[in-house]
Amino acid sequence: MRRAVPPSQLCALQHKPERVRNICILAHVDHGKTTLADSLVASNGVISSRLAGKLRYMDSREDEQHRGITMKSSAIALLFEKGTEEYLVNLVDSPGHVDFSSEVSTAVRACDGAIVLVDAVEGVCPQTHVVLRQAWREGVKPVLVINKIDRLITELQMTSTEAHLHLQQVLEQVNAVTGELFATEVMETAEREAEEAEAGKTQSTEDNGGQVYEDWDLGFDRKDEESLYFSPDQGNVVFASAVDGWGFRISDFADLYAAKLGIKAPILRRTLWGDYYLNMKAKRIMKGAQAKGKKPLFVQFVLDNMWAVYDAVTKGNKEKISKITAAMNLTIAARDLRSTDPKVQLQAVCGQWLPLARSVLGMVAEHLPCPLDMTPERAERLLCGSQRALVSYPQRTQALKTDLLACSSSADAPVIAFVSKMFSVRKSDLTQTKSSAVSSVPVHARAVTTEEIAARRQQARLMSQQRSAAAAAADTETGGPAPAAIAPATVSEP
């Protein structure tokens, strides 16, 4: 277990905004957000890696632990070391249930990037649509984690080839939602430009003619597809099993097989995902694996290995487990090898081979923006919302936009506090203060005297005696048991 990171080290990184990542975890309910957060927290030595997914560290409320779901957003600062570089990751775990959507909006608005989690079995669910739409509207860049890959092996009993096709379909579902959001935005922009043209702000309606459709095409062309869609070969997708503590990107296996196959790592990164196969005779990577009935590279070099590990552990094949650990140069504790629980052995083997925190936080550091990358449009939206333009505010308020984009920690820089969530309540809905008959001070605003406590106690006893007497009388009329004698009530003076 890693030693806990000292707070002084985290505070020092706060003064380096280029090394800061403010992110949140977004997903449908029960897709594994809190389990993933536990694994990331365990990487900093806050909790044991054995407790990841069981402790639910980010669910700090009693009702959250009791109900087993996240109800309030909670945050934690984590350290990630990538070579000689250190990154500060401010992580926010948000709820996935539809009843707590306001907490998700709060988390998205306060972050620069988001980890979108999707269950490999259930795929895109209604709340997945919602969180992707919220991230898009707030200008938050997302990365994707396809979680619960282990369910494809243990529950659905899929082969590695079937799992590959299934994962392709899940990825297409997520990209379809993203493409729909982008297309909607382009069309809304084109319609808004057409309305401005009709009002005489750009061109006349006659001159604009069919320009609307041309503008849509230009809008589609201007967008960088690499930053729009999720694709494993771009490094913005992680395949994971948070409950078993492992996760990987395409680059992890590309670096592993580059030396063994004698193929350059950049070429493997582009071809490990897709319809490519390895021609052993020509020693070349070729396209058309499905048409030629060949096994794709992702199945041959990635999924087959994962399936072999799960098969050896679940069947208790100790000889095969020893060969696997020796081939991967892993050191497994003796108590883990002696354990009869397959989950313990899976976490020990896969957690060392493909650490989940390394893959996820590495993707966050590479692909999600730092606070300095905030766009001026998003800064204005955070400062004044959508109801009023920033230019209508005083000059001193407009100057805050520059300070917000600079993210300066100097002594003369202003401190900007952002209220991400605020409730508007009508005065008529508030609880009205009622006067007491004894005093003009409201009842809820003063302490109850001992005499009042004694009077209330006596009143409660009298009511209890009356109910007992009524019940006894009813039993006598119906021939039931004789009523017990009721002792006279006495009130002791406090």
Side-chain angles (χ1 to χ4, degrees), residues 14-18 20-24 90 92 101-102 104-114 131-142 178 181-208 211-212 214-224 227-228 368-426:
Q14 291 282 12
H15 300 284
K16 301 177 181 179
E18 69 278 1
V20 177
R21 300 292 185 270
N22 300 316
I23 65 171
C24 56
N90 295 316
V92 181
S101 296
S102 61
V104 180
S105 302
T106 302
V108 172
R109 198 168 293 119
C111 294
D112 302 308
V131 297
L132 283 171
R133 187 180 302 110
Q134 288 174 326
W136 183 273
R137 289 179 177 176
E138 293 295 334
V140 173
K141 184 178 180 180
T178 306
L181 294 172
F182 170 59
T184 302
E185 180 182 346
V186 171
M187 293 178 183
E188 290 177 352
T189 303
E191 290 178 359
R192 185 167 56 252
E193 291 177 354
E195 291 176 358
E196 292 176 355
E198 291 177 358
K201 294 182 180 180
T202 54
Q203 300 178 6
S204 63
T205 306
E206 294 79 5
D207 295 337
N208 205 34
Q211 188 68 25
V212 172
E214 186 177 347
D215 286 345
W216 290 356
D217 295 338
L218 290 176
F220 282 102
D221 293 338
R222 285 194 300 264
K223 189 68 177 180
D224 186 6
S227 61
L228 177 63
L368 294 187
C370 67
L372 294 174
D373 296 331
M374 181 185 297
T375 61
E377 294 78 13
R378 185 162 191 259
E380 291 187 13
R381 188 163 60 248
L382 292 176
L383 287 171
C384 57
S386 58
Q387 302 298 326
R388 185 177 174 184
L390 184 63
V391 294
S392 63
Y393 286 88
Q395 290 294 329
R396 186 175 180 181
T397 304
Q398 295 183 35
L400 293 177
K401 175 183 175 181
T402 304
D403 298 321
L404 183 61
L405 293 173
C407 297
S408 176
S409 59
S410 60
D412 57 345
V415 177
I416 302 176
F418 177 67
V419 180
S420 182
K421 184 177 182 180
M422 182 171 61
F423 293 98
S424 177
V425 182
R426 293 177 297 181

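Here the structure is a predicted model, which is why all the values come from computation and not from measurement.
Atom CG of residue L382 and atom NZ of residue K401 lie 11.5 Å apart, to the nearest 0.5 angstrom. Taking CD from Q398 and SG from C384, the interatomic distance works out to 9.5 Å, rounded to the nearest 0.5 Å. Annotation: the span from I416 atom CD1 to L383 atom CG amounts to 6.5 Å, rounded to 0.5 Å. Interatomic distance, E18 CD to D373 CG, rounded to the nearest 0.5 Å: 10.5 Å. The line from NZ of K141 to CH2 of W136 is 12.0 Å long, rounded to the nearest 0.5 Å.
A search for side chain to side chain donor-acceptor pair (under 3.5 Å) contacts involving N90 returns N22, not counting sequence neighbours.
Counting only heavy atoms from C-beta outward, the side chains of T189 and R192 approach each other to under 4.5 Å. The side-chain heavy atoms of E138 and R381, taken from C-beta on, include a pair separated by under 4.5 Å. With contacts defined as side-chain heavy-atom distances shorter than 4.5 Å, the pair R137/L181 does not qualify. Counting heavy atoms from C-beta on, the side chains of Q14 and S409 never come closer than 4.5 Å. Looking only at side-chain heavy atoms (C-beta outward), S408 and D403 stay at 4.5 Å or farther from each other. Between C370 and D112, the closest side-chain pair of non-hydrogen atoms is not below 4.5 Å.
Other residues, nucleotides and ligands place more than 12 heavy atoms under 6.0 Å from the CZ atom of R388.
L372 approaches C407 most closely through the heavy-atom pair CD2-CB, 3.9 Å. L405 and M374 make their closest contact through CD2-O, 3.4 Å (heavy atoms, listed as atom of the first residue, atom of the second, distance). The heavy-atom pair separating P414 from L400 by the smallest distance is CG-CD2, 4.4 Å.
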